[in-house]
Student: 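Can you keep this structure in mind? I'll have questions shortly.
The figures here come from the full heavy-atom set of this structure, side chains too, leaving out hydrogens, waters and symmetry mates. Since the structure is predicted, the reported quantities are computational estimates derived from the model, not experimental observations.
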Amino acid sequence: MAAFSAWFWNERFWLPHNVTWADLADPAPGVEYPKAGHLLAAFPLALAIFFVRILFERFIASPCARCLHIQPSVGRRAPPHAVLEKVFTSITKDPDSRRLVGLSKQLDWEVRKVQRWFRQRRNQDKPSMHTKFCESMWRFTFYLCIFTFGFRFLWQCPWMWDTRLCWYGYPHQVMTPGLYCYYVTELAFYWSLMFSQFTDIKRKDFLIMFIHHLATVSLISFSYVNNMARVGSLVMCVHDASDFLLEAGKLANYAKYQRLCDLLFIVFSAAFFITRLVIYPVWVLNSTIFESWAIVGPYPSWWLFNSLLLVLQLLHIFWFYLIARIAAKAMLRGKVSKDVRSDVESSSGDECDAERPAASSPSPTGQNGTSCHAAKDGPQDLNGW
């Protein structure tokens, strides 16, 4: 184990030339440098965030949903049946016509009755609008709070106004209490998302989002350990700037406030474009690639982090393409039929479409529904660092 640790934390990989871990281990009195052990505080904090979320959804989000007439729906449950349940869990949740005919003969049921059982069984696992509202309200609240805290903190930090200060004196840069709190809270939140993903609404992109959360946790952790926390705080703030707007749009959609949903989708799209496709490459990537090269010089982990940040920029471009495509479809058709990215639950497409009849008819407010489902089904959890 010691040999693996020594290999993994090889200072020739993680640190600039002529810098060792020993140089960061014993700072001057009153000075604190980042250490891997500091991040252990994220685990109990993640557990606390997870329990705070449960209390928030039960005692704050749920009453808010009821005030907006979003009630916990109790759908009709499929009657217990051992044979059909085995087919549903082991073979297919949406049998084709040939299998339906075979099951109807085996059970001496009408084909329509078998079909109805599978439809009810799929709907049984589908979360209600109330559940989705509570989940989005929690995410909206956290994203708004962490963005507000991060922006207020960075407003007072000199490296926000001169990004070259992210690299002067690197890696011998003091870890301030505010920066530590910002980093560990973000890290704890993503750990809590990894825990809660197994109890949240199950989506088709479950594995992709799990990998995304794991990559985010890794980037935050490693950037802290090798003291890239200053530029890391800029990356986190840029990404937090638009996430709460997406969740706000979902809330408006679930509450059936069409006009507000349309407005929030427009604001979210503009914020996403400005922060991810303008500020991030011009401000952040310019600093991590060119300013750091001139001041510190490249070293192995420098190539790794910049490669990951460039991949993240490619994802931004892809995500904005999806957002733009949703908006274009909305303007051309007067509605958004279905998003290319899945925020739709893992039940079959028939039930998803059945859940959203308003998409094929004029909205109650008399508008054409330009972005209601776009806000609901758009790229979720777009943080990348």
Student: Kindly compute the distance separating CZ (Arg259) from CG (Leu264), expressed to the nearest 0.5 Å.
Tutor: 14.0 Å
Student: If you measure from OG on Ser196 to CZ on Arg53, what distance do you get to the nearest 0.5 Å?
Tutor: 4.5 Å
Student: Does Trp159 reach the main-chain N or O of Val231 with its side chain, forming a donor-acceptor pair under 3.5 Å?
Tutor: no
Student: Anything under 30° is parallel, anything over 60° is perpendicular, the rest tilted; go ahead and classify His213 against Tyr190.
Tutor: tilted
Student: Can you tell whether the side chains of Asp243 and Arg276 come within less than 4.0 Å, N to carboxylate O?
Tutor: yes
Student: Would you kindly say whether Ser221 and Ser218 are connected by a side-chain donor-acceptor distance under 3.5 Å?
Tutor: no
Student: If the threshold is 4.0 Å, N to carboxylate O, is there a salt bridge linking Asp96 and Arg98?
Tutor: no
Student: Evaluate the ring planes of Phe222 and Phe8, with Trp represented by its six-membered ring, and classify them as parallel (under 30°), tilted (30 to 60°) or perpendicular (over 60°).
Tutor: tilted
Student: Assign the ring pair Phe272 / Trp319 to parallel, tilted or perpendicular, where the plane angle (0 to 90°) is split at 30° and 60°.
Tutor: perpendicular
Student: Identify whether the distance between the nearest side-chain nitrogen and carboxylate oxygen of Glu135 and Lys250 falls below 4.0 Å.
Tutor: no
Student: Mind checking the CZ-CG spacing from Phe320 to Leu277? Nearest 0.5 Å is all I need.
Tutor: 6.0 Å
Student: Got a second to check how far Asn226's CG is from Phe305's CZ, nearest 0.5 Å?
Tutor: 4.5 Å
Student: Is Arg12 atom CZ crowded by more than 12 heavy atoms from other residues, nucleotides or ligands, each under 6.0 Å away?
Tutor: yes
Student: Rounded to the nearest 0.5 Å, how far apart are OG of Ser242 and CD of Glu247?
Tutor: 10.5 Å
Student: Are the side chain of Ser128 and the backbone N or O of Thr131 linked by a donor-acceptor pair below 3.5 Å?
Tutor: yes
Student: Using the six-membered ring wherever Trp is involved, compare the ring planes of Trp161 and Trp155 and label them parallel, tilted or perpendicular (cut-offs 30° and 60°).
Tutor: perpendicular
Student: Does the separation of the ring centres of Trp302 and Trp293 fall below 6.0 angstrom?
Tutor: yes
Student: Specify whether Tyr170 and Tyr299 have parallel, tilted or perpendicular ring planes, treating 30° as the upper limit for parallel and 60° as the lower limit for perpendicular.
Tutor: parallel
Student: Can we call the ring centroids of Tyr183 and Tyr224 under 6.0 Å apart?
Tutor: yes
Student: Does Arg122 reach the main-chain N or O of Lys93 with its side chain, forming a donor-acceptor pair under 3.5 Å?
Tutor: yes
Student: Can you tell me how far apart CZ (Arg230) and CG (Leu165) are? Round to the nearest 0.5 Å.
Tutor: 6.5 Å
Student: Students often mix this up, so state it plainly: with edges at 30° and 60°, are the rings of His239 and His316 parallel, tilted or perpendicular?
Tutor: tilted
